[in-house]
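For reference, the structure is listed below as structure tokens.
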Amino acid sequence: DVKVTQSSRYLVKRTGEKVFLECVQDMDHENMFWYRQDPGLGLRLIYFSYDVKMKEKGDIPEGYSVSREKKERFSLILESASTNQTSMYLCASSLSFDRVYNEQFFGPGTRLTVL
Amino acid sequence: KNQVEQSPQSLIILEGKNCTLQCNYTVSPFSNLRWYKQDTGRGPVSLTIMTFSENTKSNGRYTATLDADTKQSSLHITASQLSDSASYICVVSVTGGGNKLTFGTGTQLKVEL
């Protein structure tokens with residue numbers, strides 16, 4: 001079974017702090033993704049990566065950056081956390097050559113609260 | 001604009017009853033449609049994935065249907081259980097869109113005794 005793990009289930013930070021959210025997958029997937037999920041808005045793509053050291057902006061990249069130094073690990077960075085970044089953050093991964101289904105496997109999520 | 005709309009927004013049913021959730025999409029060109037189950041405070045878990053050529057797919061008590069002509073899908077849950085209480089999310093991907101998915105906002109299902 002694919003396993004996607006996230007470093008924290010719950011996180012509380014203060015406005016202006018630098019925040020790191022870590023995601024690790026154990027199935028040698030090329031693609032990794034960061035989403036945020038807010039009530040009534042569904043999941044929105046922040047950034048994704050299709051290879052080590054490669055990254056692409058998603059729909060809402062402002063205020064975020066990412067790092068992918070190793071294939072299995074994808075980090076989301078909030079350079080200066082703000083209260084409007086309070087949300088559920090979900091990491092996902094997928095195989096790059098799954099051209100038919102392109103299925104994404106999700107981690108358990110990190111509930112981030114910025115005070 | 002690619003959109004996925006789900007109905008109803010929320011639903012309460014008694015244990016043992018059946019229910020059907022709806023998904024309409026305007027995503028084009030269509031590649032595949034998937035249904036995810038998301039328990040409260042957890043990440044989404046895939047239930048079914050259907051491509052253009054598949055019009056029905058089952059996973060235990062869950063059966064998804066797809067009508068690519070009308071751009072509609074439904075998820076039917078048979079003999080509901082308390083553990084079915086969750087959010088059910090419809091997700092559509094586009095051909096040639098790489099990994100880009102369009103998510104619905106979900107139907108919140110509550111199964112009661």
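Per chain, numbering begins at 1; letters A, B, ... match sequence-line order. The structure displayed is predicted, hence computed values, not measured ones.
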Ignoring hydrogens and angles, tell me if any N or O in the side chain of B/Ser73 forms a donor-acceptor pair with the backbone of B/Thr65 under 3.5 Å. yes
Is the backbone N or O of B/Tyr88 less than 3.5 Å from a side-chain atom of B/Gln6, with the two atoms forming a donor-acceptor pair by type? yes
Counting only heavy atoms closer than 4.5 Å, note whether B/Gln38 contacts chain A via side chain, backbone, both or neither. side chain
Per-residue contact mode, A/Glu56 against chain B (heavy atom under 4.5 angstrom): neither
Measuring heavy-atom distances to chain B, does A/Leu41 have an atom under 4.5 Å in its side chain, in its backbone, in both, or in neither? backbone
Residues of residues 107-115 of chain A within contact distance of chain B, non-hydrogen under 4.5 Å: A/Gly107, A/Pro108
Among residues 12-22 of chain A, which residues come closer than 4.5 Å to chain B, judged by heavy atom distances? none
Using side chain to side chain contact (heavy atoms under 4.5 Å, CB included) as the criterion, list what pairs up with B/Arg42, not counting sequence neighbours. A/Arg9, B/Asp39
Side chains of [X] and [Y], donor plus acceptor under 3.5 Å:
X: B/Ser74; Y: B/Thr20; answer: no
X: A/Asp38; Y: A/Ser87; answer: yes
X: A/Tyr35; Y: A/Gln104; answer: yes
X: B/Thr78; Y: B/Asn18; answer: no
X: B/Glu5; Y: B/Gln22; answer: no

Looking at CE of A/Met32 and CD of A/Gln25, how far apart are the two atoms once the value is rounded to the nearest 0.5 Å? 4.5 Å
Spatial distance of atom CZ (A/Phe48) from atom CH2 (A/Trp34) [nearest 0.5 Å]: 16.0 Å
So the disulfide (SG to SG under 2.5 Å) pairs with at least one residue in residues 10-67 of chain A (sequence neighbours excluded) are A/Cys23-A/Cys91
